[in-house]
Amino acid sequence: MDYFQKISQKILEHFPNVTPESLTWSPTPKPELGDVAFRMFEAARTLNCPPHVLAARVVEEVRFGKEVIKATAAGPYVNFVLDKSLIGRQIVDTILTAGIRYGSHQSGIGKKALVEHTSINPNASPHVGRARNAMIGDSLVRLLRFEGYEVEVHYYVNDMGRQIGLLVLGIEEHVGPLTNGLPPAIPFEKVLQVYVEANARAEHDSEFAAQGYDLLAQMEQGNPDVQRRFRAVTDLCLKGQLAVLARLGITYDVFDHESDYIRDPHLDEIIAALKEKGAIFTDEEGRLVADLSHIGYPYEEGRYFVLKRANGSSMYGYRDLAYTIHKMNRGAQVNIIVLGEDHKMYAQQQAAILQAAGYPAPEAVYYSYIILKEGKMSTRQGKVVLLSDFLDEATQRALEKVRQEWTDLSEEQCSAIATKIAVGAVRFAILKVNPNKNVVFDWESSLSFTGDTGPYIQYSCARIASILRKFGNLPDSVGDDFVLETAPEWALCLKLAVFPDIVRSAVEQRSPAPVAQYALETARLFTTFYHECPVLEAPSAAQKISRAQLCAATRTVISNALSLLGIESMERM
RNA sequence: GCGCCUGUAGCUCAGGAGGAUAGAGCAACGGCCUUCUAAGCCGUGGGUCGGGCGUUCGAAUCGCCCCAGGCGCGCCA
């Protein structure tokens with residue numbers, strides 16, 4: 001919604017050659033300059049005159065309506081002093097009317113989207129680096145649902161690796177054979193240690209390593225006994241991993257097991273298509289290899305893509321083709337997969353092969369890794385910060401503060417609040433940064449609840465809640481006597497007005513980061529307002545109601561933004 | 001070597017389809033709790049936006065070249 005359409009309309013009427021798109025508004029850099037600025041660069045270009053001349057002409061020649069108190073030319077800009085109450089009323093009214101839907105363009109109504117994310121190998125407890133995938137994916141899902149898409153969230157369970165074979169062997173050494181198909185009698189928390197040990201052993205014990213391969217081969221051949229043993233382990237791990245992710249509010253709709261795609265009929269189509277294009281051969285060592293240069297893949301690097309080993313067993317990337325076709329056949333208009341940056345070339349290779357077989361490829365959303373000061377995290381080597389440990393610590397720290405603050409609340413209530421704060425801190429810390437940036441994990445700064453953090457934003461909501469509790473019943477429609485005059489009120493109000501633009505941009509970019517930045521900036525503007533503009537003790541009755549309604553609108557916008565990030569706002573903290 | 005990504009204040013990051021004196025937080029220092037929750041606010045100091053050349057009236061933003069870091073490049077998943 002363009003609240004300044006009346007202003008641009010008058011300009012357009014006076015200068016008929018100017019197009020509406022070329023007249024864009026922005027907040028003024030300083031309140032003294034005015035309440036809103038229009039830039040003249042683009043319009044001046046179409047009129048073929050210098051921008052500052054056009055600005056002067058606009059001020060001189062155009063007759064504006066009653067909402068404009070004063071127009072001033074400032075170089076290439078025209079700054080307007082406005083009847084802020086009039087425009088503020090429209091903005092606040094729009095927000096209060098739309099409520100939890102404010103910001104959505106409903107662009108996904110009647111459309112389906114499929115998002116695959118997380119897809120952690122079912123081995124040990126997830127580390128915070130893996131969680132970046134899950135948080136980005138989950139927020140994209142929330143964004144798409146907010147826009148009205150019917151979203152199906154898929155999780156690909158990679159239950160076919162040699163790593164899993166080694167883990168099965170390692171666990172069986174602890175608890176005995178798993179052939180009965182019952183869950184292993186070992187706590188999930190212990191699996192990391194077993195996994196690290198098994199991998200370390202495979203490094204120097206070549207017989208043990210060979211056993212891992214052998215087990216994988218039998219798994220692929222469909223040995224029911226081996227399948228039961230694998231499934232017992234992968235189910236245990238998947239369940240444990242999902243429990244940790246659920247603490248962050250992340251859930252999935254469909255779990256697809258890699259082992260179900262070993263003999264998928266679509267794979268024959270792929271082979272046939274590659275053959276027809278002369279893009280497949282058996283190399284001197286007996287491997288089945290695709291030569292992607294024959295199907296339009298432009299780089300020398302990654303030109304050769306191995307589909308099957310010499311012994312006939314399939315590679316991960318081969319099975320993945322079948323899985324991807326399965327996903328693409330589910331009739332979704334939007335099909336997204338969240339991948340680590342190390343998969344960029346892999347995804348291009350997959351796309352090339354799929355295209356050759358007449359299938360589309362999913363849109364890939366990439367993110368870079370969270371690394372430790374010592375380097376990359378490695379589950380295999382046990383060099384990790386576990387997500388569960390991190391959440392425990394964050395919750396503990398939050399709980400101490402909450403207990404101190406709210407002595408009258410029960411332990412359950414305190415801990416519910418602390419949990420939300422911990423989730424807010426973790427999710428915000430990850431989601432606010434540009435996903436293609438490496439981040440170095442640091443315990444202290446990650447556990448900070450002050451400054452540019454999720455809890456800071458949640459805190460602004462708690463303050464609003466507190467004011468509105470004390471205010472009592474708030475009229476849900478905005479009256480004719482709505483007042484909005486001061487600079488902090490106006491800055492906040494203008495910020496609230498642009499939330500829909502932020503959502504659109506986030507959806508287009510497939511990135512939650514703009515929403516996170518926006519939530520933070522809005523919370524900051526609210527805090528300035530909070531300190532400078534008393535609500536309950538406002539100078540007039542009309543101002544008291546108006547400010548309370550501005551508070552309510554702010555809470556709506558911030559909590560809508562936070563919910564897109566998977567962060568809850570609360571009444572108290 | 002080749003491809004993709006990144007380089008902005010001591011540290012962590014915004015801004016990035018060109019436009020008003022480059023913004024936050026952390027850390028440092030100095031203030032503010034009988035006043036809507038101090039997880040807060042105000043103030044001070046701190047930047048040749050990696051370097052160079054170019055396009056433009058105008059470049060942190062676009063192009064080219066260099067430098068530095070991350071990731072990847074035929075039987076891991």
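Letters A, B, ... are given to chains in the order of the sequence lines, protein chains preceding strands, and every chain is numbered from 1. Hydrogens, waters and symmetry mates are skipped; everything else that's a heavy atom, side chains included, is used.
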Practice item. Would you indicate what A:Val157 reaches in the nucleic acid, counting non-hydrogen atoms under 4.0 angstrom: base, sugar-phosphate, or nothing? Key: nothing
Review point. Which one, B:A20, B:C13, B:C71, comes nearest to the side chain of A:Lys437?
Key: B:C13
Check your understanding: How long is the line joining CG of A:Asp442 and C1' of B:U12, in whole Å?
Key -> 9 Å
Review point. Contact class for A:Ala37 (heavy atom, under 4.0 Å): base, sugar-phosphate, or nothing?
Key: base
Review point. Does the cation-pi check pass for A:Lys401 over A:Phe449, that is, NZ or CZ under 6.0 Å from the six-membered ring centre and within 45° of its axis?
Key: no
Write down the protein N/O and nucleotide N/O pairs, taken from nucleotides 74-77 of chain B, whose separation is under 3.5 Å; answer none if there are no such pairs.
from	atom 1	to	atom 2	distance (Å)
B:G74	O2'	A:Arg287	NH1	3.4
B:C75	O2'	A:Arg309	NE	2.5
B:C75	N4	A:Glu285	OE1	2.9
B:C76	OP2	A:Tyr213	OH	2.8
B:A77	OP1	A:Arg309	NH2	3.2
B:A77	OP2	A:Arg309	NH2	3.4
B:A77	O3'	A:Glu258	OE1	3.4
B:A77	O2'	A:Asn121	OD1	2.9
B:A77	O2'	A:Asn121	ND2	3.2

Check your understanding: Counting a pair only when it is Watson-Crick or G-U and both distances are under 3.5 Å, which runs of at least 3 such pairs involve RNA chain B?
Key -> B:1-7 with B:67-73, B:10-13 with B:23-26, B:28-32 with B:40-44, B:50-54 with B:62-66
Practice item. Remember a base hit wins even if backbone is also touched, and classify A:Asp291 as base, sugar-phosphate or nothing at under 4.0 Å, heavy atoms. Key: nothing
Exercise for review: With C1' as the reference atom in both, quote the distance from B:C41 to B:A59 in angstrom, rounded to an integer.
Suggested key: 36 Å
Practice item. Classify the nucleic acid contact of A:Ile464 as base, sugar-phosphate or nothing, counting any heavy atom under 4.0 Å across all strands shown. Key: nothing
Kindly give the atom pairs (protein nitrogen or oxygen, nucleotide nitrogen or oxygen) under 3.5 Å for nucleotides 17-19 of chain B.
from	atom 1	to	atom 2	distance (Å)
B:G19	O2'	A:Tyr77	OH	3.1
B:G19	N7	A:Arg39	NH2	3.2

Point to revise | Cation-pi check, A:Arg201 onto A:Phe208 ring (under 6.0 Å, within 45° of axis) | key: yes
Practice item. For B:C41, take OP1 and OP2 only and decide whether either is under 4.0 Å from a side-chain N or O of A:Tyr456. Key: yes
Practice item. Would you jot down, in residue-number order, the residues of residues 545-553 of chain A having a non-hydrogen atom under 4.0 Å from RNA chain B? Key: none
Practice item. Not counting sequence neighbours, which residues clear side chain to side chain contact (heavy atoms under 4.5 Å, CB included) with A:Ala513? List them please. Key: A:Ser511
Exercise for review: Identify, with sequence neighbours excluded, every residue that meets side chain to side chain donor-acceptor pair (under 3.5 Å) alongside A:Glu220.
Suggested key: A:Ser314
Practice item. Determine the Euclidean distance between corresponding C1' atoms of B:C76 and B:C71; express it in Å to zero decimal places. Key: 16 Å
Check your understanding: Knowing that exactly one of A:Thr19, A:Thr24, A:Leu23 qualifies, which makes a side chain to side chain contact (heavy atoms under 4.5 Å, CB included) with A:Glu21?
Key -> A:Thr19
Distance-only donor-acceptor hits, side chain of residues 456-470 of chain A, under 3.5 Å, sequence neighbours excluded:
from	atom 1	to	atom 2	distance (Å)
A:Tyr456	OH	A:Thr527	OG1	3.2
A:Gln458	NE2	A:Lys420	O	3.1
A:Gln458	NE2	A:Glu568	O	2.8
A:Ser460	OG	A:Ile457	O	2.6
A:Arg469	NH1	A:Glu571	O	3.4
A:Arg469	NH1	A:Glu571	OE1	2.8

Practice item. Could you check whether A:Thr450 gets within reach of a base, just the sugar-phosphate, or nothing at all, counting any heavy atom under 4.0 Å? Key: sugar-phosphate
**Study point:** Between B:G54 and B:A22 - C1' atom distance, rounded Å
**Key:** 23 Å
**Study point:** Euclidean distance for C1', B:G50 against B:G30 (whole angstrom)
**Key:** 35 Å
Exercise for review: Could you work out the separation of B:G58 and B:U44 based on their C1' atoms and round it to a whole Å?
Suggested key: 33 Å
Practice item. Tell me what A:Glu300 touches on the nucleic acid: a base, only sugar-phosphate, or nothing, going by heavy atoms under 4.0 Å. Key: nothing
**Study point:** Results of side chain to side chain contact (heavy atoms under 4.5 Å, CB included) for A:Pro20 - residues two or more places apart only
**Key:** A:Leu12
Point to revise | Donor-acceptor contact below 3.5 Å, side chain A:Ser313 vs main chain A:Arg309 | key: no
Check your understanding: Pick the nucleotide of RNA chain B nearest each of A:Gln348 and A:Ala398; which residue has the one closer to the 5' end?
Key -> A:Gln348
Tabulate atom names and distances for all N/O pairs under 3.5 angstrom spanning the protein and nucleotides 34-38 of chain B.
from	atom 1	to	atom 2	distance (Å)
B:C36	O3'	A:Lys470	NZ	2.9
B:C36	O2	A:Val535	N	3.4
B:C36	O2	A:Leu536	N	3.2
B:C36	N3	A:Val535	N	3.1
B:C36	N4	A:Tyr530	O	2.1
B:C36	N4	A:Cys533	O	3.1
B:U37	OP1	A:Ser466	OG	2.3
B:U37	OP2	A:Ser466	OG	3.1
B:U37	OP2	A:Lys470	NZ	2.7
B:U37	O2'	A:Tyr459	OH	2.1
B:U37	O2	A:Met573	O	3.2
B:U37	N3	A:Met573	O	2.8
B:U37	O4	A:Glu571	O	3.3
B:U37	O4	A:Met573	N	3.2
B:A38	OP2	A:Arg463	NH2	2.6

Check your understanding: A:Pro51: what forms a side chain to side chain contact (heavy atoms under 4.5 Å, CB included) with it, not counting sequence neighbours?
Key -> A:Phe41, A:Ala44, A:Pro76
Check your understanding: Between B:C71 atom P and A:Lys344 atom NZ, what is the distance in whole Å?
Key -> 13 Å
Check your understanding: When you compare B:G18 with B:U61, how far apart are their P atoms, in angstrom units rounded to a whole number?
Key -> 12 Å
Check your understanding: Does the side chain of A:Gln509 come within less than 4.5 Å of A:Pro514's, by heavy atoms?
Key -> yes
Exercise for review: Take the protein atom NZ of A:Lys495 and the nucleotide atom C1' of B:A24, then report the distance between them rounded to whole Å.
Suggested key: 12 Å
Review point. Does a side-chain N-to-carboxylate-O contact under 4.0 Å join A:Glu521 and A:Arg524?
Key: no
Kindly list each side-chain donor-acceptor pair under 3.5 angstrom involving residues 425-434 of chain A, sequence neighbours excluded, with atom names and distances?
from	atom 1	to	atom 2	distance (Å)
A:Arg427	NE	A:Leu565	O	2.7
A:Arg427	NH1	A:Asp138	OD2	3.1
A:Arg427	NH1	A:Leu248	O	2.7
A:Arg427	NH2	A:Asp138	OD2	2.8
A:Arg427	NH2	A:Ser139	OG	3.4
A:Arg427	NH2	A:Leu565	O	3.1
A:Lys432	NZ	A:Asp452	O	3.3
A:Asn434	OD1	A:Asn436	N	3.1
A:Asn434	ND2	A:Asn436	OD1	3.2

Point to revise | Residues which pass ring pair (Phe, Tyr, Trp, His ring centres under 6.0 Å) with A:Tyr297, listed by chain and number, not counting sequence neighbours | key: A:Tyr299
**Study point:** Interatomic distance at P, B:G10 relative to B:G47, whole Å
**Key:** 7 Å
Review point. Using the C1' atom in both, what is the distance from B:G15 to B:A60, to the nearest Å?
Key: 8 Å
Practice item. Could you point out which residue of A:Thr324, A:Asp256, A:Asp320 forms a side chain to side chain contact (heavy atoms under 4.5 Å, CB included) with A:Tyr261? Key: A:Asp256
